[in-house]
Amino acid sequence: RPRVLSGIQPTAGSFHLGNYLGAVRQWVALQESHDAFYMVVDLHAITIPQDPAELRANTRLAAAQLLAAGLDPERCTLFVQSHVPEHAQLAWVMNCLTGFGEASRMTQFKDKSAKQGADRASVGLFTYPVLQVADILLYQANEVPVGEDQRQHIELTRDLAERFNGRFGDTFTVPSAYILKETAKIYDLQDPSIKMSKSASTPKGLINLLDEPKATAKKVKSAVTDTGTEIRYDVAEKPGVSNLLSIYSTLTGTGIAELEQKYVGKGYGALKTDLAEVMVEFVTPFRDRTQEYLDDPETLDSILAKGAEKARAVAAETLAQAYDKVGFLPAK
Ligand code: AQP
């Protein structure tokens with residue numbers, strides 16, 4: 001079976017709709033056809049200051065949400081990044097292969113460091129994409145299911161895998177991004193020109209899956225739509241309506257064309273009312289399941305411990321090969 005790997009940060013507490021539709025939903029599907037490794041990336045989280053108690057709680061919360069979304073520990077390997085020290089160990093080697101200019105061109109770093117203020121941004125934030133390279137290469141992943149915002153980091157991963165292989169001999173699988181067109185980028189409900197994101201979106205434009213379902217319904221109903229009245233998928237002319245159609249289509253499995261047909265002659269209000277209902281039907285059981293996992297932290301921790309053990313077996317083997325290729329003297 002081909003292998004996939006991906007990760008999600010435990011920073012915001014609740015996952016948002018963009019995280020779910022852009023990434024987690026694909027993770028759930030891919031566990032059926034792939035040898036799948038998924039992790040909560042706490043090492044990435046500390047690139048921005050975190051409160052220790054909150055980070056710990058949010059790490060469990062992220063794992064609980066992944067299980068609630070449908071990850072099955074019998075079908076995939078679910079673990080916490082810091083439980084597998086090989087990530088940090090391989091990242092060092094990859095840091096030493098990455099050009100300073102190359103890392104400086106990462107647009108996520110530019111955006112996030114601009115938000116923090118250049119002097120406040122940590123060196124960790126700067127090398128975050130290189131840690132991500134190590135995350136992926138350790139598992140010899142063939143594909144990496146992510147949202148569009150991660151494409152540049154996957155390109156960097158490919159470049160560094162090829163560079164390492166070229167310099168030291170074949171070691172790493174060169175991975176591809178797995179990005180579904182329809183959900184590659186979910187947009188802010190109040191400003192459909194920016195991606196839905198925990199840091200950039202307005203509170204009204206961001207759907208947190210763990211919010212009160214009623215509040216979520218309200219946000220959908222007050223989503224910004226476009227001029228005109230026609231319900232048509234047209235990203236350039238109707239970005240707001242198109243975003244709602246993408247969300248609706250993915251959550252219900254109804255094709256966009258079918259939805260356009262359904263709403264011929266009806267106004268934006270009808271679309272939003274229906275989508276609000278769809279959303280409530282989705283988030284209500286999701287919240288309940290998340291709570292069930294949180295109520296049983298022993299089971300949750302034992303799932304994560306087993307996952308870490310499985311992940312380490314793979315990661316340790318790759319790291320040993322990489323260290324050997326680089327010329328590190330084996331420890332006796
Ligand atoms: N709006 C989005 N549309 C599609 N996919 C998205 N992803 C994030 N936003 C969207 C995808 O979610 C996965 C997990 O991302 P992350 O761990 O980087 O989560 P995050 O940093 O919490 O996401 P944000 O909200 O985008 O954070 P900030 O505001 O810090 O930049 C990834 O696969 C990502 O592509």
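Since this is a predicted model, take the numbers as computed values, not measurements. Counting starts at 1 for both ligands and their atoms, in listed order.
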Is any N or O atom of Gln9, backbone or side chain, closer than 3.5 Å to an N or O atom of ligand 1?
-> yes
Aromatic ring pairing Tyr139/His87, orientation class (parallel under 30°, perpendicular over 60°, tilted between) = tilted
Between Asp191 and Asp188, which heavy-atom pair has the shortest distance, and what is it?
-> N-OD1, 2.9 Å
Side-chain donor-acceptor pair present, Gln132, His44, cut-off under 3.5 Å | no
What class does the angle between the rings of Tyr128 and His153 fall in, given that below 30° is parallel, 30 to 60° is tilted and above 60° is perpendicular?
-> tilted
Tell me which protein heavy atom sits closest to atom 34 (C) of ligand 1, plus the residue, atom name and distance to 0.1 Å.
-> Asp149 OD1, 3.4 Å
Between Ala184 and ligand 1, which part of the residue brings a heavy atom under 4.0 Å of the ligand: side chain, backbone, both or neither?
-> backbone
Heavy-atom contacts under 4.0 Å between Thr183 and ligand 1: side chain, backbone, both, or neither?
-> backbone
Test item: Gln65 side-chain N/O and Gly13 main-chain N/O as donor-acceptor pair under 3.5 Å | yes
Among all protein heavy atoms, pick the one closest to atom 28 (P) of ligand 1 and tell me residue, atom and distance.
-> Ser199 OG, 3.3 Å
Contact partition for Lys112 relative to ligand 1, non-hydrogen atoms under 4.0 Å | side chain
Checking Asn142 side chain against Arg3 main chain: does a donor-acceptor pair fall under 3.5 Å?
-> yes
Can you sort out which atoms of ligand 1 are near Lys185, meaning under 4.0 Å from one of its heavy atoms?
-> 3 (N), 4 (C)
Is a donor on one side and an acceptor on the other found under 3.5 Å between the side chain of Thr77 and the backbone of Phe37?
-> no
Name the closest protein heavy atom to atom 23 (O) of ligand 1, giving the residue it belongs to and the distance to 0.1 Å.
-> Asn19 ND2, 3.5 Å
Among Lys195, Glu148, Gln150, Lys198, closest by heavy atom to atom 27 (O) of ligand 1 is Lys198
Within reach of ligand 1, part of Val146 (heavy-atom separation under 4.0 Å) | both
Ala23 contact mode with ligand 1 (heavy-atom cut-off under 4.0 Å) = side chain
Candidate with minimal heavy-atom separation from atom 3 (N) of ligand 1, of Ile186, Ile154, Leu206, Ile8 = Ile186
Nearest protein heavy atom to atom 24 (P) of ligand 1, by residue and atom, and its distance?
-> His16 NE2, 3.7 Å
Can you check whether Leu125's main-chain N or O pairs, donor with acceptor, with Thr47's side chain at less than 3.5 Å?
-> no
Using distance alone, determine whether Gly147 and ligand 1 share an N or O pair under 3.5 Å.
-> yes
Could you tell me if the ring centre of Tyr20 sits under 6.0 Å from that of Phe15?
-> no
Atoms in ligand 1 with a heavy atom of Gly22 nearer than 4.0 Å = 4 (C), 5 (N)
Counting heavy atoms only, which of Gly18, Ser197, Ala62 comes nearest to atom 2 (C) of ligand 1?
-> Gly18
Looking only at side chains, do Thr216 and Asp211 share a donor and an acceptor under 3.5 Å apart?
-> no
Gly7-ligand 1 polar pair, N/O distance under 3.5 Å = no
Can you label the angle between the Phe286 ring and the Phe282 ring as parallel, tilted or perpendicular, going by 30° and 60°?
-> parallel
